[in-house]
Amino acid sequence: TVPTSWFFIMKCEGEPLKRVGNTWYQLPMLLLRQRTGLLLAACCAAACCAELVVTPEDFGAVGDGKANDWLSIKQALAACSTAVYNATAPQACRVIFKKSYLSGPLVINSSRTTLEVASGATLGMLPRPEYEATCPQTGCDFITTAQGEEGCRTVYPNPHSPASGYQVCLSDVTVTGGGTIDGGASYDPRSWWLCARLELKNCWRPNLAIFTSVGGFTLNGSLTMKDPPNHHMRLISTVGARVSGLRIDSTSPPLLLGSP
């Protein structure tokens, strides 16, 4: 059942023709292959691709900055994956955060996906005890990317370096808005920073955001990344990244793009 608050918009990108299985998308004429084998066309001035817009509230999120909205946000991202890889009519997808949320680790595993943290909104990590309960293993960062259904391919943005090219497993991922992504870290003994300052053993601290193997990553708007347990953001094997308008904020002076 599709929530009644979902809606669709037409998004013109001007992208070249791409193919996923038997489906072609993002062309001046968008071709949709039905089960009957017939081709349908939807077009706009340049290129068109419908965009599904969802919010965590569509899946039961409270959004009061106190409740654990992790499950609802994961369901919103799962809806994006379903929409993007729909064999009949693939869509882009946008998850809009309009309120204040607390969440465990989140994974973007679909191309053509946008996370929008609206002005005044906050997407925050659960407090350390709750976060560790959702993901106790080392390496479970807050916002990450994973391979989409289209699989990975090798691209060579520079024919000389590296000779092996880059593995790209997602395309066209965007993080935008005027709100805040908040790690909530502090020197409180129940939080993340004190163990690092005291150089304690087994001091695991998740990163706020790591985007790996993305072709066409964009971060724009006037986002703030605040008080991460470890680094604010890392880009790994990401091709065609564009970052602008990002505000880095920490209670204490950050180390590079990380926390104390």
Side-chain angles (χ1 to χ4, degrees), residues 54-81 95-109 115-118 120-146 175 177 179-212 219 223-236 246-260:
V54 298
T55 69
E57 285 77 16
D58 292 327
F59 302 90
V62 177
D64 63 355
K66 299 177 181 179
N68 183 342
D69 289 321
W70 184 37
L71 179 59
S72 298
I73 298 172
K74 288 197 300 179
Q75 289 175 335
L77 289 171
C80 276
S81 183
V95 182
I96 301 181
F97 300 90
K98 300 179 180 180
K99 300 180 180 180
S100 294
Y101 311 85
L102 290 177
S103 177
L106 302 172
V107 180
I108 302 170
N109 64 352
L115 299 188
E116 180 179 340
V117 185
T122 299
L123 175 57
M125 291 177 60
L126 287 165
R128 182 178 180 179
E130 296 175 63
Y131 192 90
E132 289 183 326
T134 66
C135 190
Q137 73 269 27
T138 299
C140 193
D141 300 300
F142 184 42
I143 301 175
T144 59
T145 52
V175 181
T180 300
I181 301 176
D182 190 356
S186 72
Y187 287 111
D188 186 294
R190 296 167 295 178
S191 191
W192 300 97
W193 288 347
L194 188 60
C195 71
R197 181 55 56 88
L198 297 179
E199 299 182 352
L200 301 179
K201 293 182 179 180
N202 301 318
C203 183
W204 164 67
R205 297 179 298 150
N207 296 290
L208 198 56
I210 294 186
F211 302 100
T212 305
L219 188 151
L223 276 172
T224 296
M225 287 190 170
K226 179 181 178 183
D227 293 339
N230 201 332
H231 294 290
H232 287 82
M233 182 177 70
R234 297 180 65 192
L235 302 177
I236 302 174
L246 175 63
R247 180 173 182 261
I248 297 296
D249 185 11
S250 285
T251 303
S252 294
L255 176 63
L256 298 180
L257 286 183
S259 64

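Predicted model only: the values in this text are computed from it and were never measured.
In this structure the side chain of Val117 reaches within 4.5 angstrom of the side chain of Leu223, judged on heavy atoms. Residues Val175 and Ile143 have side chains not in contact (no heavy-atom distance under 4.5 Å, counting atoms from C-beta outward). For the pair Ile96 and Val54, the minimum side-chain heavy-atom distance is 4.5 Å or more. Within the 4.5 Å cutoff, side-chain heavy atoms of Met125 are placed close to those of Leu208. With a 4.5 Å cut-off on side-chain heavy atoms, Val95 and Leu77 count as touching. Side-chain contact between Ile73 and Tyr101: present, with at least one pair of heavy atoms (C-beta onward) separated by less than 4.5 Å. Counting heavy atoms from C-beta on, the side chains of Pro228 and Pro206 never come closer than 4.5 Å. Residues Met233 and Leu246 form a side-chain contact, since some pair of their non-hydrogen atoms from C-beta on lies under 4.5 Å apart.
Residue Asp141 holds its CG atom at 11.5 Å from CG of Leu106, rounded to the nearest 0.5 Å. The distance from the SG atom of Cys140 to the CH2 atom of Trp204 is 6.0 Å, given to the nearest 0.5 Å. Of the inter-residue distances, the one linking Trp193 atom CH2 with Cys203 atom SG reads 12.5 Å to the nearest 0.5 angstrom. How far OG of Ser103 is from CD1 of Ile181: 11.5 Å, rounded to the nearest 0.5 Å. With values rounded to the nearest 0.5 angstrom, Leu235 atom CG is found 7.5 Å from Phe211 atom CZ. Distance check, rounded to the nearest 0.5 Å: OG1 of Thr55 to NZ of Lys99 gives 8.0 Å.
Under the 4.0 Å criterion applied to side-chain N and carboxylate O atoms, Asp64 and Lys66 are not assigned as salt-bridge partners.
The backbone N or O of Asn230 sits nowhere less than 3.5 Å from a side-chain atom of Arg205 that would complete a donor-acceptor pair. At distances below 3.5 Å, not a single donor-acceptor pair connects side-chain atoms of Thr145 with backbone N or O atoms of Ile108. Using a distance-only test at 3.5 Å, with no hydrogens or angles considered, no donor-acceptor pair links the side chain of Ser191 to the main chain of Asp188. At distances below 3.5 Å, at least one donor-acceptor pair connects side-chain atoms of Ser72 with backbone N or O atoms of Ala61.
Scanning all heavy atoms of the two residues, the minimum distance from Leu126 to Gly104 falls at CD1-N, 3.7 Å. Across all their heavy atoms, Gly63 and Glu57 have their closest contact at CA-OE2, 4.4 Å. Heavy-atom minimum distance, Asp249 versus His232: O-NE2, 3.3 Å. Ser100 approaches Asp69 most closely through the heavy-atom pair O-OD2, 4.3 Å. Of all the heavy atoms in Phe97 and Ala121, the pair that sits closest is O-CB, 3.2 Å.
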Dump the intermediate steps for side-chain contact (heavy atoms from CB on, under 4.5 Å) on Trp70 and Thr134, then the final yes or no.
CA-CA 9 Å; Trp70 184 37; Thr134 66; 3.5 Å; yes
Any chance you could lay out the side-chain contact (heavy atoms from CB on, under 4.5 Å) test for Tyr131 and Trp192, step after step, and finish with the verdict?
CA-CA 11 Å; Tyr131 192 90; Trp192 300 97; 4.0 Å; yes
Going through the distances and angles, do Met225 and Leu219 end up as a side-chain contact (heavy atoms from CB on, under 4.5 Å)?
CA-CA 11 Å; Met225 287 190 170; Leu219 188 151; 3.9 Å; yes
